[in-house]
Every structure is written in structure tokens, then in C-alpha cells.
Amino acid sequence: MTSPTTRIAVIGAGIIGAAVARELKQRYPQSHVVLFEKEDHVAGHQTGHNSGVVHAGLYYQPGSLKARLCRRGVDLITNFAVENDVAIDECGKVVVAQNEVERERLVEIHKKATANGVPDVALIGAERLRELEPNVVGEAAVHSPHTAIIDYTGLTMALVADFERDGGEVRLSTEVERVQSANGFVTVISTTSAEVFDQAIVCGGLQSDRLARASGAGADPSILPFFGQYFILEHEHADVVNGLIYPVPDPAYPFLGVHITRRIDGELMIGPNAFLSFAREQYKGFPFSLRDSLAIAKDAGFWKFASQNAGAALRELGGVISMDRFVEGAAKFVPQLEGAKGKRAPRGVRAQAVDRQGNMVDDFVIQQSGGAMFLRNAPSPGATSSMAIAEYLVDELAERYELGTARAA
């Protein structure tokens, strides 16, 4: 991999693709690395439309790839943000229980967090909760003091700038249609050209299943898009809470539920909810794409998922229709928000991988097909884990091609 003629393509300039490109160029400075992005800017999709939280690793199954890369990722992006003047704020987070059933679930969350090595995580009672968050109502909580918020778009731009300073090449407004493997090489076929590379890493996000299938990889898993609405409260509410306020996850529902999040710009935000989106990349107005809707209708996994989660859909529908209902949910935790006003922010769209049995794929999924590596699933904490995922993917590439994994000091 030290040969100056080695050419590597990275497809997708969201935060993970940007981190992968930078990792490759830093580890193998003589390689020619090209980062392809279909938009005219980086971080145009999931990266630029999320809640901005740097997750600490509270909920993930100990030992899972998600848990391991999350913890490694926190350290990497925090250090990188500080070194590159990217806005970050370690505001802390409480997961709040409001009844006995939720208190019992908190114990399990605390056990997982401790097993995952989340620093200074604590199971606290109502009195300590009031000290930390005087306006929050709850019987108990898990407190994660080092959970942070960050400017993920700014972080992605800084990763790309680093990559370009090291001699990497960025191709914006270049949509990759497929990656074709033959004779030990890969051909990246885009809307503008067909170019030969030695290897390719595909970080396709919301289009990851389509890119993989078009490139001859397996059909599973498929992507179901779920949109999440955000509601930014009027500025007078900005200091009602000190950090992040999360509900206790209900195992009967596939998504977390509405939470209260401080933004890196100082505003206070409610959301997101989660509801099926009939468009993968539409962030305003009614989300509808004929292509995306037909893909959902043809997906056997979707129909099984839908039959198993009708109750969850009904729960989320109220918040989709009415912002007042959205605020009511937040006011259960912070009564001062009752009747709060604000404005809708551009929604996020989450790429959730689902298997043929209708099960949501919980962990990161990486597939190799020919000379290309495909990141098929990178749900939350994908952004938090981005730089650790980059390390992992480049390690996998190095091992597969016997490229050597020594890092620069």
C-alpha cells in the first residue's frame, strides 16, 4: 500500500466517508485517494440533518461492534474537534425515569453503560436529578456527564480539509452509480466517467443498499428511510435545561422517542420522532418520491416490519400531525415547556437497515464484494463512531490486501 500508484476510491462524503478518506491518506500518504460525492457540498444528508449529539455508549450491547466503535469514536472526534476548532460542548445527559417500570430499565442501562466503559456514568435519584436539572421531573435517572453536542457538518468539513491538505482529491457533483470488480481492480462508474482503482470503500448512507446491489453485492439488508422531525423552541426557552433530556427506551417500540436536546448554536430543540419516509432524501414538505415509495412497497422485509410495529407507528403519528402533541411529550419531562412555541427545522432522514424477516439490523454491517467494501448499515451512533469506523474499515482493507497496518507516529 506504500506504492505511489495505489489508487483508492471512497464513495460518499458524509462524515464516515470523509473520515475514511482522511484515514487512508494519513496512513498511506503515497496513495492516490479520491473521495466522490454526488452533491455539490459535503455532509448533505444524514450528517447534516441529525441532532448533533456525541453519544457516550449507554444503550449498546457490550462487546458489539457498535459499542466498541462508539467509545473509540468519542475520543477520536473530541480530540479532533478541539485541535481543529470545531464547536463541541460537553453538556451532559440524563435518561429520566418517571415510574417504577422505567426505574427498573434504568438499572439495565446503567449496567450496559458501565460494561461499555462510559466514564463517570451514574444511577441517580430524584434529589440529585433536581440538582443537575432543576426543571426536569423524574423519579430517577442515569447521568452521563460527558455526553456532548457538536457541529457535525463543521467536523466533516474539517476532516475533508485535512484530507485535501494531505493531497487527497475530492470530486463533488459526481454521483457514483456502481462499482464494478474485475481482474483484481475496481471500476468506479459515475455520471461523468468510468475510472479504475485498486480498491473502493462505499459509504452510501441512504443509498447504501442500492449502490451495493448495483455493484453485485448481496440484496440484504435493505434500507428503510425513517424521517425525524425537529422543533426548535423560541429562544426564551433556551436555558430551561442544562443538558440533554432523554426518555427511558421502551423495548416494545423500535425507536427511542422524543427527547430534549441543546443545540451547538445555543437553542433548544425537541425531537426527533420517527416515522416511515416515502422519500430518502427530502427534508422539507411532504416526503414523497415515486422511486422510493415503490422500493418500500416491493420490500418484503418492510411488510413484516410494519405488521410487527403498528403500535409504534400510531404512537409516532400524533407528533407527525401536530407540533402541539410533540411539545406535550416534552412537557412530561419539563413542565415549563407546556404550550411552548417555536418552529419546525428541516427534518432528518435515518437510513435503517432491515432484513428479510422485518427485523431492524442493530449493529454496523460491513460487506466485501470483489474489490469493494460496502458499509451497509451505520445507524446511531454512526456519526459519533465515524473516525473509529474509518480506522476499522482501513484495518479490514489492509488485512484483506496484506497492505500493512503500521500507522504513522
Inset, instruction - Assess whether side chain to side chain contact (heavy atoms under 4.5 Å, CB included) is satisfied between Ile245 and Glu133, documenting all intermediate values. - result: CA-CA 9 Å; Ile245 317 300; Glu133 294 285 358; 3.7 Å; yes
Inset, instruction - Could you walk me through whether Val142 and Ile124 pass side chain to side chain contact (heavy atoms under 4.5 Å, CB included), step by step? - result: CA-CA 6 Å; Val142 166; Ile124 62 174; over 6 Å; no
Inset, instruction - Show your working on salt bridge (charged side-chain N to carboxylate O under 4.0 Å, His left out) between Asp198 and Arg7 and close with a plain yes or no. - result: CA-CA 5 Å; Asp198 296 287; Arg7 290 173 51 85; over 6 Å; no
Inset, instruction - Please assess Glu108 against Arg105 for the test salt bridge (charged side-chain N to carboxylate O under 4.0 Å, His left out), listing each intermediate value before the final yes or no. - result: CA-CA 5 Å; Glu108 293 305 311; Arg105 292 176 187 155; over 6 Å; no
Legend entry - side chain to side chain contact (heavy atoms under 4.5 Å, CB included) between Gln46 and Leu206, worked out: CA-CA 8 Å; Gln46 289 185 108; Leu206 285 154; 4.0 Å; yes
Inset, instruction - Output, in order, the C-alpha distance, side-chain angles, deciding distance and verdict of side chain to side chain contact (heavy atoms under 4.5 Å, CB included) for Val54 and Val74. - result: CA-CA 7 Å; Val54 180; Val74 170; 4.2 Å; yes
Inset, instruction - Give the C-alpha distance, both sets of side-chain angles, the deciding distance and a yes or no for salt bridge (charged side-chain N to carboxylate O under 4.0 Å, His left out) between Asp355 and Lys304. - result: CA-CA 10 Å; Asp355 65 22; Lys304 292 178 181 178; over 6 Å; no
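Using a 4.0 Å cut-off between a side-chain N of Lys or Arg and a carboxylate O of Asp or Glu, Arg262 and Glu267 do not qualify as a salt bridge. The residues Arg171 and Glu37 are annotated as not salt-bridged, no charged nitrogen and carboxylate oxygen being separated by less than 4.0 angstrom. A salt bridge does not link Asp89 with Arg263: every distance from a Lys NZ or Arg NE/NH1/NH2 to an Asp or Glu carboxylate oxygen is 4.0 Å or more. Ion pairing between a basic and an acidic side chain is recognised when a charged N comes within 4.0 Å of a carboxylate O; Arg22 and Asp162 show such pairing. For the pair Arg27 and Glu23, the salt-bridge criterion is met [side-chain N within less than 4.0 Å of a carboxylate O]. A salt bridge links Asp292 with Arg210; the closest basic N to acidic carboxylate O contact falls under 4.0 Å.
When only modelled atom types and interatomic distance are considered, Ser380 and Tyr59 share no side-chain donor-acceptor pair under 3.5 Å. If you check the side chains of Tyr283 and His45, you find a donor sitting under 3.5 Å from an acceptor. Between the side chains of Asp299 and Ser222, at least one donor N or O sits under 3.5 Å from an acceptor N or O. Remark: the Glu396 side chain and the Gln368 side chain contain no N/O donor-acceptor pair separated by less than 3.5 Å.
Residue pairs that meet the salt bridge (Lys or Arg N to Asp or Glu O under 4.0 Å) test with at least one member in residues 357-386, sequence neighbours left out, are Lys66-Asp362.
The closest side-chain heavy-atom distance from Met373 to Val202 is not below 4.5 Å. By the 4.5 Å heavy-atom criterion applied to side chains, Val334 and Val241 are counted as neighbours. Counting only heavy atoms from C-beta outward, the side chains of Tyr60 and Asn116 approach each other to under 4.5 Å. The shortest distance between side-chain heavy atoms of Ile8 and Val34 does not fall below 4.5 Å. For the pair Pro225 and Arg350, the minimum side-chain heavy-atom distance is 4.5 Å or more. With contacts defined as side-chain heavy-atom distances shorter than 4.5 Å, the pair Arg71/Val118 qualifies. Looking at Ser289 and Arg280, their side chains never come closer than 4.5 Å, going by heavy atoms from C-beta outward. With a 4.5 Å cut-off on side-chain heavy atoms, Pro247 and Val95 do not count as touching.
The two residues Val188 and Phe197 come nearest to each other via the heavy atoms CG2-CD1, 3.6 Å. The shortest heavy-atom contact between Leu35 and Ala18 is CD2-CA, 4.3 Å. In terms of heavy-atom proximity, Phe333 sits nearest to Val96 at CE2-O, 3.7 Å. The nearest pair of heavy atoms linking Ala87 to Ile264 is CB-CG1, 3.6 Å. Contact record, Thr187 with Ala194: CG2-CB, 4.0 Å, taken as the closest heavy-atom pair. Listed here is the closest heavy atom pair of Asp40 and Leu172: O-CD1, 3.5 Å.
Residue Leu155 holds its CG atom at 8.5 Å from CG of Asn84, rounded to the nearest 0.5 Å.
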Tabulate below the donor-acceptor pairs under 3.5 Å that side-chain atoms of residues 254-261 make, not counting sequence neighbours, or state none.
residue: His259; atom: ND1; partner: Gly257; partner atom: O; Å: 2.9
residue: His259; atom: NE2; partner: Gly271; partner atom: O; Å: 3.4

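The distance between the ring centers of Phe302 and Phe278 does not fall below 6.0 angstrom.
The number of heavy atoms from other shown groups lying within 6.0 Å of NE2 (His41) is above 12.
Residues satisfying the salt bridge (charged side-chain N to carboxylate O under 4.0 Å, His left out) criterion with Glu131, sequence neighbours excluded, are Arg128.
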